[in-house]
Amino acid sequence: MAETRHTKVLIIGSGPAGYTAGIYASRAMLKPILVQGIEPGGQLTTTTEVENWPGHSEIQGPDLMVNMETHARATGTEIISDIITDLDLSKRPFSAIGDSGTIYTCDAVILATGARAKWLGLESEEAFKGFGVSACATCDGFFYRDQEIVVVGGGNTAVEEALFLTNFASKVTLVHRRDELRSERILADRLMKNPKIEPLWFHELAEVVGDDMPKGVTGVKVKHTKTGEITEIPCKGVFIAIGHAPANELVKDVLQTHMGGYVVTEPDSTATSIPGVFAAGDLTDHKYRQAVTSAGMGCMAALETERFLAENDE
Ligand code: FAD
Ligand code: NAP
């Protein structure tokens, strides 16, 4: 029979927002349960150096997230390896079903499910996912030692991925649809100075080209955004780094969303349209999408949860 667990506050997600909410909720004696999801530690576990987390001029993303998990655990957050597959917010106590079969009931919930990589939506991209097409350089870069690689995008992620991939690749071509990077200046400067990286401005990925036996990428066709001219670039790996979309599957039909699916919260607050449901981090933030802002929102969510429970349940 399925186990049922009740908690005052259920935190869904184990990125900076979730763990920070755990730390604050534990210190408020709320004994939170935090469900980690499919990516324990969240997006920062897919990167290397983090250089803008206050207090560390440089720390590896996975190490930072282990530190946060250890901190949350030490304050009393119960951290559970499970994935929430269904969430019922129609009445309190709210209930959530875990992939493990466990049913979690709670008086308040903090949604911190973050964001996931976006894909271009090309048929050929889908066909070669896992066979040369990836959205995670730290996960897959190692496979491309001395090979040529294409990175698509012009934001912080694309630039960081391109720089990181020069550790392995013989050449990295950065394909961007404009001639100006969206990334921070410091990263753009590093990219422009790196002799292994060649930016290809005003181009979009038109098709991933490859073989079936053995299955793998052999190149890409790119299209000039102004002239429409198609060029083929030989490569073994294609890294798509065109941004992230909020992981809103659990709530997109019951909570208001905007700007491409981000959960709407009240101004200067993490409160959503349902009393007792709070949202923090990249799930709700279309603007900043940083670890430190996510952690800040996790803090706000826990403090607002504490106030909500004090006013409604005690
Ligand atoms: P996320 O980190 O996205 O975590 C979401 C969590 O929710 C995950 O643990 C996931 O398992 C969980 N989850 C999702 N669905 C479910 C479910 N159904 N059930 C249970 N759990 C679920 N920011 C910086 O400030 N500095 C950087 O240097 C930096 N580098 C980056 C490099 C890369 C490659 C990327 C992709 C992002 C980077 N960012 C950086 C952005 C930063 O990672 C995010 O802003 C931050 O991680 C968002 O935190 P979050 O807690 O909202 O969610
Ligand atoms: P992003 O900032 O949204 O940038 C996405 C890039 O992909 C843009 O250059 C965009 O082009 C391009 N793009 C989007 N859709 C495209 C399409 N269909 N075809 C071709 N190109 C497309 O996303 P991100 O770089 O993943 O960053 C997400 C968030 O995480 C940001 O807030 C970022 O600051 C944060 N982050 C921070 C760090 C850091 O602090 N070091 C590192 C990584 C990520 P246009 O420029 O033309 O729109």
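Just so you know, ligand 1 is whichever comes first in the structure, and atom 1 is the first atom listed for that ligand.
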**Q.** Mode of E180 contact toward ligand 2 - side chain, backbone, both, neither (heavy atoms, under 4.0 Å)
**A.** neither

Q | Salt-bridge present (E78, R5; N to O < 4.0 Å) | A | yes

**Q.** N or O contact, D82 vs ligand 1, cut-off under 3.5 Å
**A.** no

**Q.** ligand 2-proximal atoms of T47, by part, heavy-atom distance under 4.0 Å
**A.** neither

**Q.** From CE (M65) to OG1 (T70), nearest 0.5 Å
**A.** 10.5 Å

Q. What residue and atom, counting heavy atoms only, is the protein's closest point to atom 24 (P) of ligand 2, and at what distance?
A. T157 OG1, 3.2 Å

Q. Is there a nitrogen or oxygen of R178 sitting under 3.5 Å from a nitrogen or oxygen of ligand 2?
A. yes

Q. Hey, do the aromatic rings of Y144 and F239 have their centres closer than 6.0 Å?
A. yes

**Q.** Numbered atoms of ligand 1 (with element) below 4.0 Å of A112, judged on heavy atoms
**A.** 5 (C), 6 (C), 7 (O)

Q | Numbered atoms and elements of ligand 1 in range of R116, under 4.0 angstrom, heavy atoms | A | 14 (C), 15 (N)

Q) Applying a strict 4.0 Å limit to heavy atoms, is E160 in contact with ligand 2? A) yes

Q.
Quick check on contacts: which atoms of ligand 1 are under 4.0 angstrom from a heavy atom of H244?
A. 36 (C)

Q: With heavy atoms of G13 as the reference, note each atom of ligand 1 found under 4.0 Å away.
A: 6 (C), 7 (O), 12 (C), 21 (N)

Q.
I'd like to know whether CZ of R27 has more than 12 heavy-atom contacts from other residues, nucleotides or ligands below 6.0 angstrom.
A. no

Q | Any donor-acceptor pair under 3.5 Å from K196 side chain to N167 backbone | A | no

**Q.** Pick from A115, G61, G154: the one approaching atom 9 (O) of ligand 2 most closely through a non-hydrogen atom
**A.** G154

Q) Quick one: do E69 and R73 make a salt bridge, cutoff under 4.0 Å? A) yes

Q.
When you compare the side chains of S100 and D82, does any donor N or O come within less than 3.5 Å of an acceptor on the partner?
A. yes

**Q.** Within-cut-off N or O pair, T46 and ligand 1, under 3.5 Å
**A.** no

Q. Among H176, H203, R289, which one has a heavy atom closest to atom 31 (C) of ligand 2?
A. R289

Q. Salt bridge between R190 and E49, side-chain N to carboxylate O under 4.0 Å?
A. no

Q. Going by the order shown, which atoms of ligand 1 are within less than 4.0 Å of some heavy atom of V35?
A. 20 (C), 21 (N)

**Q.** Candidate with minimal heavy-atom separation from atom 22 (C) of ligand 2, of D282, L205, I242
**A.** I242

Q: Mind checking whether N52 contacts ligand 2 via backbone (N, CA, C, O), side chain (CB onward), both or neither, at a 4.0 Å heavy-atom cut-off?
A: side chain

Q) Is there a donor-acceptor contact under 3.5 Å from the side chain of T47 to the main chain of L44? A) no

Q | Enumerated ligand 1 atoms positioned under 4.0 Å from heavy atoms of Q290 | A | 23 (N), 24 (C), 25 (O), 45 (O)

**Q.** Side-chain donor or acceptor of T77 paired with backbone N/O of P32 under 3.5 Å
**A.** no

Q. With a 4.0 Å heavy-atom cut-off (strictly under), which part of E184 contacts ligand 2: side chain, backbone, both or neither?
A. side chain

Q: Would you kindly specify which portion of Q290 sits under 4.0 Å from ligand 2, judged on non-hydrogen atoms: side chain, backbone, both or neither?
A: side chain

Q. Counting distance only, does the side-chain N/O of T45 pair as donor-acceptor with the main-chain N or O of G42 below 3.5 Å?
A. yes

Q | For A17, the ligand 1 atoms whose distance to one of its heavy atoms is below 4.0 Å | A | 51 (O), 52 (O)

Q: Give the atoms of ligand 1, by number and element, whose distance to some non-hydrogen atom of A115 is under 4.0 Å.
A: 3 (O)

Q. Between the side chains of E304 and T270, is a donor N or O closer than 3.5 angstrom to an acceptor N or O?
A. yes

Q. Counting heavy atoms only, which of G155, S294, G121, S183 is nearest atom 6 (C) of ligand 2?
A. G155

Q | E161 N/O to ligand 1 N/O under 3.5 Å | A | no

**Q.** ligand 1 contact on M297 by region, counting heavy-atom pairs under 4.0 Å
**A.** neither

